[in-house]
Amino acid sequence: MPGCALPNSPLAGALPGINACVHCGFCLQACPTYLNLEDENDSPRGRIFLMRSLLEGTVRPDDPSVQKHIDQCLGCRACEPVCPSGVPYGQLLEATRATLYEHRSTPLIARMILFVFARNWLLRPAMFFSRLLAATPIPTLLSGISGRLGFAMAMLASTGRSIERGRYSPTTRGENGTVAMLRGCVMDGLFNTTNRATERVLAVNGYSLMPARGQKCCGALHAHAGHLDSARELARKNIVAFEKSGAQFIAVNAAGCGAIMKEYGHLFRDDPEWHDRAEKMSARVRDVSELLAAAGPRVGGPLPIKVTYDAPCHLQHAQRVTEAPLSVLAAIPELELVPLHDSDQCCGSAGIYNLIEPDTSDAVLAPKLANIRSTRAAWVATGNPGCLMQIGAGLIRADMGARSIHPIDLLDASYAAFGQ
Ligand code: SF4
Ligand code: SF4
């Protein structure tokens, strides 16, 4: 761009994507922040206009109002599938945040979380302490207090409310291939039961599991916050770990992690040393529901419960995986699946958004809870730890009785009911 105000910035590299926007406005009604805040600057079209203005120099990257509108984006990418011009909005947002990162300081809470998640020696004790706390009545007792502390406690309380299930020991012939699993930070720390369930259901469905030692956080939180160097550092370690595993597929049961791992190629687009390796790794990544759908999935024993399904944004919009999670639930006899109105709308979790933009996050969660209430379902199935805790916390604080659960836990309980 002639006279670019931010030459050589990540945003300057995203100019072709910005130019693809034809300002039609088809994305506005898909955007939760536009619908809640009713400000064009909080819509995809408005934010793309701000991105262009940053490059043209008509607004500055240290302008607090520009930063506010970019910060208020959930990164849910609901604007992408509805865009007739194929604007890669997620990539534009990532480039904008990386550019703004150089002109301001990240909020303290976000800095602390990103610092800890990039270091296993800090992450492990943090998750250990969180698990200990979650096993006590304290999170439930404190979940009703107002503000973010109460919400954080409700999130923690929600992690201990999975379905009861019997034990079974699956055997596999591995006829559908070899799989290495991303353990994940929050999944490994707070949803370890789901990780173990994932291993079992993959085995039942003919996959043979292989270890991927040395794997790290996927880097999604860092990339979404604009800390691209940290995200790349983590991604390099994962590329090495999953290459060494030798597995055909990489199974991911957290939609946010799967989305970025499928886009590692883009993360290394300007790095000739790592780009090919990143692309090859991305091509092996599957959401666990995709692997199960490809294998059948095998039908389990009856679970006579009422369930509704909420699609994680990074599964539905970023990975465009829509049917596979439903086929997982369809493999459970007697499970009654009740459709959820606006199931493709964001729940307001969006990584650490619910901690740094609590008001907008609450506003986005409110209609989700109202829609869940009208289904009268006892369980809300969703395949992402952030969504599990955001919806789970909302259900607890609204005293609704229903619980959030990963679809894999339901399939696992169904297999346990059948004795596999
Ligand atoms: S739908 Fe796409 S092209 Fe139309 S305004 Fe939104 S981002 Fe731009
Ligand atoms: S990512 Fe989500 S919140 Fe952000 S502009 Fe797109 S639809 Fe709106």
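Position 1 is the first residue of the sequence, and the numbers go up from there. Order of listing sets the numbers, starting from 1, for every ligand and every atom in it.
The nearest protein atom to atom 3 (S) of ligand 2, hydrogens excluded, is given as L74 N, 3.4 Å; this is a heavy-atom distance. Of the protein's non-hydrogen atoms, the one nearest atom 5 (S) of ligand 2 is R47 NH1, 3.2 Å. Taking atom 4 (Fe) of ligand 2 as the reference point, the nearest protein heavy-atom neighbour is C73 SG, 2.3 Å. Nearest to atom 2 (Fe) of ligand 2 among the protein's heavy atoms is C76 SG, 2.3 Å.
Listed by chain and residue number, E80, E263 satisfy the salt bridge (charged side-chain N to carboxylate O under 4.0 Å, His left out) test with R77 (two or more places apart in sequence, or in another chain).
Interface atoms of ligand 1 facing P84, defined by a heavy-atom separation under 4.0 Å, are 1 (S). Which parts of ligand 2 touch C31 is read off a 4.0 Å heavy-atom cut-off, strictly below it: atoms 3 (S), 5 (S), 7 (S), 8 (Fe). The G75 neighbourhood of ligand 2 comprises atoms 1 (S), 4 (Fe), with distances under 4.0 Å to a heavy atom of that residue. For ligand 2 and T33, the ligand atoms under 4.0 Å from any heavy atom of the residue are 3 (S), 8 (Fe). Each of the following atoms of ligand 2 lies closer than 4.0 Å to a heavy atom of R77: 1 (S), 2 (Fe).
Under a cutoff of 6.0 Å and an axis angle of 45°, R232 and W274 do not form a cation-pi pair.
A salt bridge links R104 with D71; the closest basic N to acidic carboxylate O contact falls under 4.0 Å. Under the 4.0 Å criterion applied to side-chain N and carboxylate O atoms, K262 and E290 are assigned as salt-bridge partners.
Between H224 and H314, the gap from one ring centroid to the other is short of 6.0 Å.
Around atom 6 (Fe) of ligand 1, protein atoms of type N, O or S found under 2.8 Å number 1.
The stretch residues 330-381 participates, sequence neighbours left out, in no ring-ring contact (aromatic ring centres under 6.0 Å, His included) pair at all. Evaluation of the ring-ring contact (aromatic ring centres under 6.0 Å, His included) test over residues 121-144, restricted to residues two or more places apart or in two chains, returns none.
Without hydrogens or angle criteria, R45 side chain to E40 main chain gives no donor-acceptor distance under 3.5 Å.
For the 3.5 Å distance criterion, the side chains of N253 and T198 qualify, holding a donor opposite an acceptor. Under the 3.5 Å distance criterion, with hydrogens and angles disregarded, no donor-acceptor pair is assigned to the side chains of Y101 and D229. For the residue pair S361 / Q390, a side-chain donor-acceptor distance below 3.5 Å is found, with atom types taken as modelled.
Contacts between E80 and ligand 2 below 4.0 angstrom, taking non-hydrogen atoms only, are absent altogether.
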